[in-house]
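Accompanying notes for the structure given below.
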2 protein chains.
Amino acid sequence: MTRSEENYLKTIFHLGGGDSKSISTNAIAEQMETKPSSVTDMAKKLSDKGLVDYVRYQGVSLTDVGVKTALSIIRKHRLWEVFLVKKLDFTWDEVHEVAEQLEHIKSEKLIDKIDELLDFPKYDPHGDPIPTKDGKFQERDEKLLSEMPINSQGVCVGVKDSSVPFLKFLDKNNIALGNTIKILDKEDFDNSLRIQMNGKEMRISHQIATNLYVKKNP
Amino acid sequence: MTRSEENYLKTIFHLGGGDSKSISTNAIAEQMETKPSSVTDMAKKLSDKGLVDYVRYQGVSLTDVGVKTALSIIRKHRLWEVFLVKKLDFTWDEVHEVAEQLEHIKSEKLIDKIDELLDFPKYDPHGDPIPTKDGKFQERDEKLLSEMPINSQGVCVGVKDSSVPFLKFLDKNNIALGNTIKILDKEDFDNSLRIQMNGKEMRISHQIATNLYVKKNP
DNA sequence: ATCTATTTTTAGATTTGTCTAAATTTAATT
DNA sequence: AATTAAATTTAGACAAATCTAAAAATAGAT
Ligand SMILES: [Mn+2]
Ligand SMILES: [Mn+2]
Ligand SMILES: [Mn+2]
Ligand SMILES: [Mn+2]
């Protein structure tokens, strides 16, 4: 497996190609910042290797082997991110770029030992679940902050947008995973929210609220 | 810098090209298990980039920038090896292959933090010195076990051959870095040595003795 | 100094991954 | 059903890194 092949599989998975849904050439090209013709070439190669099902003009979806491979790369990516934060004091906005490189290191023992060193974490620094060694995914019962009803309460468990600017914005406003959030009020005009977080009251724009995952308290 | 360029610089350094000594195309090709014609191509490319001095038919040597770059890769390689042994319980015969990959990860912060996590080690698991961030090399006063006089005594500090079979052989015979060794006798016939190590007496072949570095006790 | 064996370079080909531009297919619209 | 717009594929090119085979240069030996 080349690095490029691995990156294609990962992208196809993230676009939903793991559920035997067909992903278009254009969608992959856009996500990977490459050209559709390059995607076509790679689709053929991955198809020859039995990693994707590819029908000309119809897009690609991952085979079982393709899904398994994609998950193993995603597992490595997220474990490395946890390592960087927990063991090397990286901030959550610094880890993705480095993990993009580390995810391609080929050593099963290495990633198993990292997993062990970290005490088998279930989520990465952005709240994304870490697949198990045998490719199981532990989805969490979570919803977007923007979808929570007034007076409900929950814990912030993840970010949908994990871009550097958004993560830095959250840091600046002391919004962190683990914080307890209560919805006090919604403003009809701009869909902004008034919330209570860790005791303090604050206002949050709709854009922010649609990019924060919350686990609702029972 | 591509991964291939980095590997060439490292190899040229290991062959002595850091002391403005010219290294032959063939020597590099042999070391890297590639063809001389490929080395010529790369020599031109590295020369264009100012990393080596290259004279046709005369071989290459590293420029100052080339030395600095090579040392930074060697630094990364050796720090990762220490990390694997100290933090992930790899054995010293398992680390090289993985470090060959990890040394190419591009993140200054990452390697500085690994260095810090390891408490700024001076030597790697095979006793090779780790260059400092600014490219300083702390050579040690050491000699080969085979060159030690009878009745002298020292501490085993490194291996010259760090191949997997040799390292496994050392493990099997309980020879480890840090052990104290006293030369009891030399056999003229086959140059083998009778030594005392950690209290016990044993016999060591010439081939082993020429691949172990010892720091002589004062 | 000339010959010869060895080393080194060149020329041309190959693989991987990418691109542009043109051709084709599909999907949407009349 | 024919036309058009959009998506997708093909064809041909390119850069990086490698190889083989042939040519050129160097160094060693007579
Ligand atoms: Mn990431
Ligand atoms: Mn990647
Ligand atoms: Mn090594
Ligand atoms: Mn390497």
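Just so it is clear, the model here is predicted, and its values are computed rather than measured. Each chain gets a letter, A, B and so on, in the order its sequence line appears, and its residues count up from 1.
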All N/O donor-acceptor pairs, side-chain side in residues 14-35 of chain B, below 3.5 Å, sequence neighbours left out:
{"from": "B:His14", "atom 1": "ND1", "to": "B:Lys10", "atom 2": "O", "distance (Å)": "3.3"}
{"from": "B:Ser22", "atom 1": "OG", "to": "B:Gln58", "atom 2": "O", "distance (Å)": "3.0"}
{"from": "B:Ser24", "atom 1": "OG", "to": "B:Ala27", "atom 2": "N", "distance (Å)": "3.0"}

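- With the nearest nucleotide of DNA chain C identified for both B:Val55 and A:Glu5, B:Val55 has the one nearer the 5' end.
- The OH-C1' distance, from B:Tyr57 to C:dT8, rounds to 5 Å in whole Å.
- The nearest whole Å value for the distance from the CZ atom in B:Arg3 to the C1' atom in C:dT16 is 15 Å.
- Taking the centre of each ring, A:Tyr54 and A:Tyr8 stay at or above the 6.0 Å mark.
- Between B:Asn26 and the phosphate of C:dT8, there is a side-chain N or O to OP1/OP2 separation shorter than 4.0 Å.
- Under the 3.5 Å distance criterion, with hydrogens and angles disregarded, a donor-acceptor pair is assigned to the side chains of B:Asn7 and B:His104.
- In this structure, B:Thr25 reaches the C:dT9 phosphate: one of its side-chain N or O atoms is under 4.0 Å from OP1 or OP2.
- Here D:dA7 presents its P atom at 14 Å from CD of A:Gln58, a figure rounded to the nearest Å.
- In terms of phosphate contacts, A:Arg56 brings no side-chain nitrogen or oxygen within less than 4.0 Å of OP1 or OP2 of C:dT26.
- Between A:Trp92 and A:His126, the ring-plane angle classifies as parallel under the 30° and 60° cut-offs.
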Any N/O pairs under 3.5 Å between the protein and nucleotides 18-21 of chain D? List them or say none.
{"from": "D:dT18", "atom 1": "OP2", "to": "B:Ser4", "atom 2": "OG", "distance (Å)": "3.2"}
{"from": "D:dC19", "atom 1": "OP2", "to": "B:Thr34", "atom 2": "OG1", "distance (Å)": "2.6"}
{"from": "D:dC19", "atom 1": "OP2", "to": "B:Lys35", "atom 2": "N", "distance (Å)": "3.2"}
{"from": "D:dC19", "atom 1": "OP2", "to": "B:Ser38", "atom 2": "OG", "distance (Å)": "2.7"}
{"from": "D:dT20", "atom 1": "O4", "to": "B:Ser37", "atom 2": "OG", "distance (Å)": "3.1"}

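- Atom NZ in A:Lys44 sits roughly 14 Å away from atom C1' in C:dT18 (whole-Å rounding).
- Inter-residue side-chain proximity for B:Leu144 and B:Tyr213 is flagged as met; some heavy-atom pair is nearer than 4.5 Å.
- For B:Pro165, the side chain to side chain contact (heavy atoms under 4.5 Å, CB included) partners at least two apart in sequence or on another chain are B:Ser163.
- Dashed line: the shortest gap from a side-chain N or O of A:Tyr54 to OP1 or OP2 of D:dT9 is under 4.0 Å.
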